[in-house]
Protein chains: 2
Amino acid sequence: MTRSESAGGRRGDLFDPLCPTRQLLDRVGAKWTSMAVKVLAEAAPDELRFAELRRRIPGISQKMLSVTLQSLVRDGLAERRVEPTVPPAVHYRLTDLGLSLEGPLAALRQWAETHMAQIEHNNRLADEIGPT
Amino acid sequence: MTRSESAGGRRGDLFDPLCPTRQLLDRVGAKWTSMAVKVLAEAAPDELRFAELRRRIPGISQKMLSVTLQSLVRDGLAERRVEPTVPPAVHYRLTDLGLSLEGPLAALRQWAETHMAQIEHNNRLADEIGPT
DNA sequence: CCGAATCCCCCTGGATACTG
DNA sequence: CAGTATCCAGGGGGATTCGG
C-alpha cells in the first residue's frame, strides 16, 4: 500500500504494532460489530441462529451479518456451530474472549447513553454560533 | 434507506443510527479521536499546543489533527484557547465531559492491550487452517 | 504557527442475485 | 436457511498547497 512513506513516518506500519487499541477500535468501530457482540452477549450462554441474529439486528443485511460474524469468529470472539441438517442450521455464540469484551463495551454504551444528549446539544450550539 | 423505522426502540437500541452508542462509536472509531483524547487526558489538567499535540501523536497529519480537534471541540469534549500573539498560539485541553470519556476509553485500551495479541494469534490460526 | 481548502485514493457497507 | 459473489455509491483520511 505504500501510503505515506515520504512524510517522515510510515504510519501504516507504525500504527498497528504500537497500538493494539487502534486495532480494537477498528473492529469495534465497524458498523455492526458492537451490536452483534451485544446481541450475542445478551443471549449468552445460549446460541443464536443466523436468522435469529438477523432478526435481532434490524437493518442489517445478510451480507453484513455474514461478514461481521466471520470476523468475530476469525478473531476468536465468537464460535460457529453447524448442524448438518437439511437445510443447515448455523449457530453462533460468544467465546469467553468475546464475553470479556462486553464489559468495556457496556461501559462505553453506558457513557454514551449518559452523555450523548449533551454532545448533540453541544453540536447544535456550535451550529448556531458558528455559521452565525 | 430502509433504516429501521420498524424497529421500536431508540435509546439503548444500538441498531438504530439514532442510538447514542452508535454515534459515540462513530466518533471514537474515527481514526485519531481516541488517540487525541488519550494524549489530552494524559496532559490534563494542563493544556497542549497544536504542535505539541502533533508531536505526541506520531503519524498524524496536521489536517487530521485539525479536523479531529475541531470535532472534539464541537462535541464539547475539548476546549480551544487562542493566545492572540503573533504568530498565534493555540491551546487545547479536555473539558470535564472529555475527561469523563477517558474512563471507558481507558477500559477499552486496557482490554486491547491484554487481549489483542490473542486476537492476532487467532487470526494467524485462521489464515493457516482456512486457506489450507 | 495554525488551519482551511483541494485533490484523490480506497475501503466500507448497502442492494441484488446466485449456490448448496 | 446460510453464505458467497458482484456491483457500486459515499465518505474517511492521506498528501499538498495556500492564507492569516
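Lettering of chains follows the sequences in order, A, B, ..., and the numbering in each one begins at 1.
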What contact category does A:Gln62 fall into here, base, sugar-phosphate, or nothing, at under 4.0 angstrom with non-hydrogen atoms?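 Base contact.
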Inspect the surroundings of CG in A:Asp96 and state if more than 12 heavy atoms from other residues, nucleotides or ligands are less than 6.0 Å away.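 No, the 6.0 Å shell around CG holds no more than 12 heavy atoms from other groups.
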Let's see if you can work this out: which of [options] has an atom nearest to the side-chain heavy atoms of [X]?
X: B:Met64; options: D:dA2, D:dG14, C:dC1; answer: D:dG14
X: B:Ala30; options: D:dG13, C:dC2, C:dG14; answer: D:dG13
X: A:Ser66; options: C:dC2, D:dT4, D:dA2; answer: D:dT4
X: A:Phe50; options: C:dC1, D:dA2, D:dA15; answer: D:dA2
X: A:Arg80; options: D:dG3, C:dG14, C:dC1; answer: D:dG3
X: A:Pro87; options: C:dG3, D:dC1, C:dG14; answer: D:dC1
X: B:Ala51; options: C:dG3, D:dG3, C:dC2; answer: C:dC2

Does [N] have OP1 or OP2 under 4.0 Å away from a side-chain N or O of [X]?
X: A:Trp32; N: C:dT12; answer: no
X: A:Arg49; N: D:dA2; answer: yes
X: B:Ser61; N: D:dG13; answer: no

Check: B:Lys63 side chain, D:dG14 base, donor-acceptor under 3.5 Å: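 Such a pair is found, so the answer is yes.
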If you compare all heavy atoms of B:Leu94 against all heavy atoms of B:Val37, which two are closest, and at what distance to 0.1 Å?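 Closest approach of B:Leu94 to B:Val37, heavy atoms only: CD1-O, 3.8 Å.
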Which atom of B:Pro20 lies closest to which atom of A:Met116, heavy atoms considered: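 Reported closest heavy-atom pair: O-CG, 3.4 Å.
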B:Phe50 reachable from B:Val82 in the ILVMFWY side-chain graph, under 4.5 Å edges: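 Yes, one cluster joins them.
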What is the distance, to the nearest angstrom, from the CG atom on A:Leu65 to the P atom on C:dG14?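 Spelled out: CG on A:Leu65 to P on C:dG14 is 12 Å.
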